[in-house]
Amino acid sequence: ETFRRARPILDCFGRRVEHMGPLGAGHAMKAVNNALLAVNVLAVGEGLAALVKSGISARKAVEVLNASSGRSFVSEYLVPQRVLTRLWPLTFRLALLDKDARIATGVLEGQGVSGPVLHLTSDLLAQARAALGEDADYLEPIRLIEQEAGVELHERPHPRRRTRGPPRSSTSSPRPALRSSSSSPRVGWTSTRWRRTASHPTRRWGSTKRCGRTGPATSGSSSTGPGW
């Protein structure tokens, strides 16, 4: 009866509205969902960094990954649109994802599930938050992975064919395979923790209200979450 009465309001901001169960079920669902998102962000970042260091272009690696069984929302949408383009839009604070991951580990502990993967993910998010600052976006731990690996995940432009002019001198310096970005926060990574070595640029966060978001909404959960 309570869900039926609340349904018209939930329909305003949720494209899909589900009754998950007793009080608190939606809260648990949201936290675990966001924790799994965090797992994907870190895992895709690590995997792509290794592939780029192996000589595979980031764009090609993402294309093949997305045609294979390892694809995910992170690899299909977030990385191509926000990481490879180097846009890094500010859509959802890393601090909030860190909070959700900690809630998710509490859900696991409350149900007697050990959850080593989600606990490790929560620890890494906390370290990334300490390194990047409170205003960092939730995809920016990939920056730390890039810097630790010494690579950058970006789109390489196709070389243009020379149509005029003398041949390029053989003594000219080769174009580096990977370029550095002065906009990246200079932070360090160790095997056990991320440490901050410079402050993150100051950012302002705004709040907006909207109806019809593309992500699922669950009964009993907050509507706050990563930008889908």
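Treat the numbers as computed from the prediction; the structure is a model and nothing was measured.
- At least one side-chain heavy atom of L51 sits less than 4.5 Å from a side-chain heavy atom of L48.
- Crowding of I9 atom CD1: a count of heavy atoms from other residues, nucleotides or ligands under 6.0 Å not exceeding 12.
- At a threshold of 4.5 Å between non-hydrogen side-chain atoms, the residues L132 and L94 count as touching.
- Under the 3.5 Å distance criterion, the side-chain polar atoms of N66 are matched with a main-chain donor or acceptor of V62.
- Both I56 and L84 belong to a single network of hydrophobic side chains, linked directly or stepwise wherever heavy atoms of I, L, V, M, F, W or Y lie under 4.5 Å apart.
- Summarising the geometry, atom NZ belonging to K99 is positioned 12.5 Å from atom CG belonging to L125; distances are rounded to the nearest 0.5 Å.
- Atom-to-atom distance recorded for F92:CZ and L139:CG is 11.0 Å, nearest 0.5 angstrom.
- Here N40 contributes atom CG and E76 contributes atom CD; the two are 10.5 Å apart, rounded to the nearest 0.5 Å.
- By the rule that hydrophobic residues join a cluster once side-chain heavy atoms approach within less than 4.5 Å of another member, V107 and L97 end up as members of separate clusters.
- With sequence neighbours left out, A31 forms a side chain to side chain contact (heavy atoms under 4.5 Å, CB included) with I103, A104.
- A salt bridge does not link D137 with R93: every distance from a Lys NZ or Arg NE/NH1/NH2 to an Asp or Glu carboxylate oxygen is 4.0 Å or more.
- Without hydrogens or angle criteria, R129 side chain to L96 main chain gives no donor-acceptor distance under 3.5 Å.
- In this structure, V41 and E140 have side chains that are not in contact, with every pair of non-hydrogen atoms separated by 4.5 Å or more.
- A salt bridge does not link E146 with R143: none of the charged nitrogens is closer than 4.0 Å to a carboxylate oxygen.
- Evaluation of the salt bridge (charged side-chain N to carboxylate O under 4.0 Å, His left out) test over residues 102-128, restricted to residues two or more places apart or in two chains, returns D98-R102.
- Expressed to the nearest 0.5 Å, how far CG of D100 lies from OG1 of T105 amounts to 11.0 Å.
- Note: the hydrophobic cluster containing L108 does not contain M29 (ILVMFWY, side chain heavy atoms under 4.5 Å, direct or indirect links).
- Contact annotation: the side chain of V79 never approaches that of F73 to less than 4.5 Å [non-hydrogen atoms, C-beta and beyond].
- Taking NE2 of H154 as the start and OG of S57 as the end, the distance is 9.5 Å to the nearest 0.5 Å.
- Formation of a donor-acceptor pair under 3.5 Å by the H119 side chain with backbone atoms of S114 is found in this model.
- A distance of 8.5 Å separates CD of E148 from CD1 of I145, quoted to the nearest 0.5 Å.
- In this structure, the side chains of V83 and L78 stay at 4.5 Å or more apart for every pair of heavy atoms.
- Between the side chain of S75 and the main chain of R71, no donor-acceptor pair closer than 3.5 Å is present.
- With a 4.5 Å cut-off on side-chain heavy atoms, E63 and P80 do not count as touching.
- L36 and V113 fall within the same hydrophobic cluster, defined by Ile, Leu, Val, Met, Phe, Trp and Tyr side-chain heavy atoms under 4.5 Å apart, directly or through other members.
- Among residues two or more places apart in sequence or in another chain, the side chain to side chain contact (heavy atoms under 4.5 Å, CB included) test is passed with V39 by V117, L118, T121.
- At least one donor-acceptor pair under 3.5 Å links the side chain of K53 to the backbone N or O of A149.
- Each of V32 and M20 belongs to its own hydrophobic cluster when Ile, Leu, Val, Met, Phe, Trp and Tyr are linked at side-chain heavy-atom distances under 4.5 angstrom.
- Nearest heavy atom pair, residue S72 against residue V44, reads OG-CG2, 4.2 Å.
- Proximity of N34 to Y138: side-chain heavy atoms (C-beta onward) are nowhere separated by under 4.5 Å.
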Quiz item: After noting the C-alpha distance and the side-chain angles of L124 and L42, does the key distance pass the side chain to side chain contact (heavy atoms under 4.5 Å, CB included) rule?
Solution: CA-CA 9 Å; L124 291 174; L42 297 176; 3.9 Å; yes
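- Contact annotation: the side chain of V17 approaches that of R7 to within less than 4.5 Å [non-hydrogen atoms, C-beta and beyond].
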